[in-house]
Enquirer: 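Take this structure first; my questions come after.
Note that ligands are numbered from 1 as they come in the structure, with each ligand's atoms numbered from 1 the same way.
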Amino acid sequence: VSSTVSYNRVMLKISGEALMGTQGFGLHPPTVRRIAEEVKSVHDLGVEICMVIGGGNIFRGLSGSAQGMERTTADYMGMLATVMNALGMQSALEDLGVFTRVISAIRMDEVAEPYIRRRAVRHLEKKRVCIFAAGTGNPYFTTDTAATLRANEMNCEAIFMGKNGVDGVYDKDPKTNEDAKRYDSVSYDDVLAKRLKVMDASAIALARDNNLPLIVFGLDEPGGFRGVLAGEGTYTKVH
Ligand code: UDP
């Protein structure tokens, strides 16, 4: 691992929307490729990388159930959406010569590996990027919880949450409030007490109770992921 980067194993969480680019839906191949390049530049430093990608660019359980669908069915559709995103990212990374595995929380052996913890750890040791798909495999959860769960299971040193259009955690929505202030550092307890929009409460509790730090940074800046791993650029550390 490079002298400027002190991490050996990290989780990168991005939302499904991050893959959408300027489109209103789905995957935008040049955007997927750009994120894959960011991942490669960190992988090239020897850092072991886990990834969780959301599914909101394709389907969200809550919006399905709002339209009268059974919540659990809608959530399964959301989980399947994350598998599509994981395969899109796998394809882009392998195009750049980075070996990957897509590991699904829902068995679909023709498409992805099933989740077996010790096997996933071995992949990481062999420097394969592990993309964890299908969330936690359970309805009523989010991919933020999946990222926190897998980061704990894989003994990641931190979760890096790449955001679009925002470079950290603010005291109020920076898109609508000019005087919004970004935190350099904030505790999980404060995030919960002040209801700051970072992750959902179950993901925050799971990270807090296991002392897993979360670094929220902007995905828009090229080189942002690599920079933030070296402690450069703007970001918020939640701990
Ligand atoms: N989902 C789920 N269980 C999980 C993870 C995800 O049911 O463990 C479903 C849920 O319906 C969610 C959808 O998958 O709305 C997509 O995930 P998410 O909303 O977290 O994606 P993001 O907002 O990060 O793109």
Enquirer: Would you kindly specify which portion of K13 sits under 4.0 Å from ligand 1, judged on non-hydrogen atoms: side chain, backbone, both or neither?
Expert: side chain
Enquirer: Identify, for atom 1 (N) of ligand 1, the protein heavy atom at the shortest distance, and state residue, atom and that distance.
Expert: F141 O, 3.4 Å
Enquirer: Check this for me, if you would: do E125 and R122 make a salt bridge, where the nitrogen-to-carboxylate-oxygen distance has to be below 4.0 angstrom?
Expert: yes
Enquirer: Partners of N211 by side-chain contact (heavy atoms from CB on, under 4.5 Å), sequence neighbours excluded?
Expert: none
Enquirer: Should the pair D171-K194 be classified as a salt bridge under the 4.0 Å nitrogen-to-oxygen rule?
Expert: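 Salt bridge between D171 and K194, a charged N being under 4.0 Å from a carboxylate O: no.
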Enquirer: Look up atom OG in S65 and atom CZ in R60, then write down how far apart they are to the nearest 0.5 Å.
Expert: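 One finds 12.0 Å between OG of S65 and CZ of R60.
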Enquirer: Quick one: nearest non-hydrogen protein atom to atom 18 (P) of ligand 1, plus distance?
Expert: T143 OG1, 3.5 Å
Enquirer: Using a 4.0 Å heavy-atom threshold (strictly under), name the region of T145 that reaches ligand 1: side chain, backbone, both or neither.
Expert: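 Near ligand 1, T145 shows nothing, with every heavy atom at 4.0 Å or more.
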Enquirer: Would T136 count as being in polar contact with ligand 1, using the rule that some N or O on each side must be under 3.5 angstrom apart?
Expert: yes
Enquirer: Judging by distance only, is a nitrogen or oxygen of L62 under 3.5 angstrom from one on ligand 1?
Expert: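 Among all N and O atoms of L62, none is under 3.5 Å from an N or O of ligand 1.
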Enquirer: With a 4.0 Å cut-off, would you call R150 and E153 a salt bridge?
Expert: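 Salt bridge: yes.
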Enquirer: For atom 14 (O) of ligand 1, what is the closest protein heavy atom, and at what distance to 0.1 Å?
Expert: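 Heavy-atom neighbour on the protein nearest atom 14 (O) of ligand 1: G78 C, 3.1 Å.
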Enquirer: State the atoms of ligand 1, each with its element, that fall below the 4.0 Å cut-off from a heavy-atom position in P139.
Expert: 7 (O)
Enquirer: What is the closest protein heavy atom to atom 10 (C) of ligand 1, and at what distance does it sit?
Expert: D75 OD1, 3.4 Å
Enquirer: Give the residue, atom name and distance (to 0.1 Å) of the protein heavy atom nearest atom 3 (N) of ligand 1.
Expert: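 Looking at atom 3 (N) of ligand 1, the protein heavy atom closest to it is N138 O, 2.6 Å.
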Enquirer: So, taking the atom named CD in E113 and the one named CD1 in I131, what distance separates them when rounded to the nearest 0.5 Å?
Expert: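 Here the rounded value is 11.5 Å.
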Enquirer: Does ligand 1 have a heavy atom under 4.0 Å from the side chain of A146, from its backbone, from both, or from neither?
Expert: neither
Enquirer: Closer than 4.0 Å to some heavy atom of G54 - which atoms of ligand 1 meet that?
Expert: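 Checking each atom against G54, I get 21 (O), 22 (P), 24 (O), 25 (O).
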Enquirer: At what distance is the nearest protein heavy atom to atom 21 (O) of ligand 1, and which residue and atom is it?
Expert: G55 N, 3.0 Å
Enquirer: May I ask you to check whether S185 and H239 show a side-chain donor-acceptor distance below 3.5 Å?
Expert: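 Looking only at side-chain atoms, H239 and S185 do form a donor-acceptor pair, the distance falling under 3.5 Å.
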Enquirer: Less than 3.5 Å apart, any donor N or O on the side chain of D200 or S202 sitting next to an acceptor on the other?
Expert: yes
Enquirer: Over 60° means perpendicular and under 30° means parallel, so tell me whether F225 and F217 are parallel, tilted or perpendicular.
Expert: parallel
Enquirer: Does the distance from a Lys or Arg side-chain N to an Asp or Glu carboxylate O, for D179 and K181, drop under 4.0 Å?
Expert: no
Enquirer: Just need the protein heavy atom nearest to atom 19 (O) of ligand 1, so name the residue and atom and give the distance.
Expert: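 For atom 19 (O) of ligand 1, the nearest protein heavy atom comes out as R60 NE, 3.2 Å.
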Enquirer: Is K163 salt-bridged to D167, cutoff N-O under 4.0 Å?
Expert: no
Enquirer: Show which atoms of ligand 1 fall inside a sub-4.0 Å distance from at least one heavy-atom site of G56.
Expert: 21 (O), 22 (P), 25 (O)
Enquirer: Under 4.0 Å from a heavy atom of S15: give me the atoms of ligand 1 that qualify, with their elements.
Expert: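 It comes down to these atoms of ligand 1: 24 (O), 25 (O).
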Enquirer: Look only at interatomic distance and state if G135 has a nitrogen or oxygen under 3.5 Å from any nitrogen or oxygen of ligand 1.
Expert: no
Enquirer: Using a 3.5 Å cut-off on N or O atoms only, is F59 in polar contact with ligand 1?
Expert: no
Enquirer: Just distances here: any N/O of G61 and N/O of ligand 1 closer than 3.5 Å?
Expert: yes
Enquirer: Which residue holds the protein heavy atom closest to atom 5 (C) of ligand 1, what is that atom called, and what is the gap in Å?
Expert: T142 C, 3.4 Å
Enquirer: Apply side chain to side chain donor-acceptor pair (under 3.5 Å) to R117 and list each qualifying residue two or more places apart in sequence or on a separate chain.
Expert: none
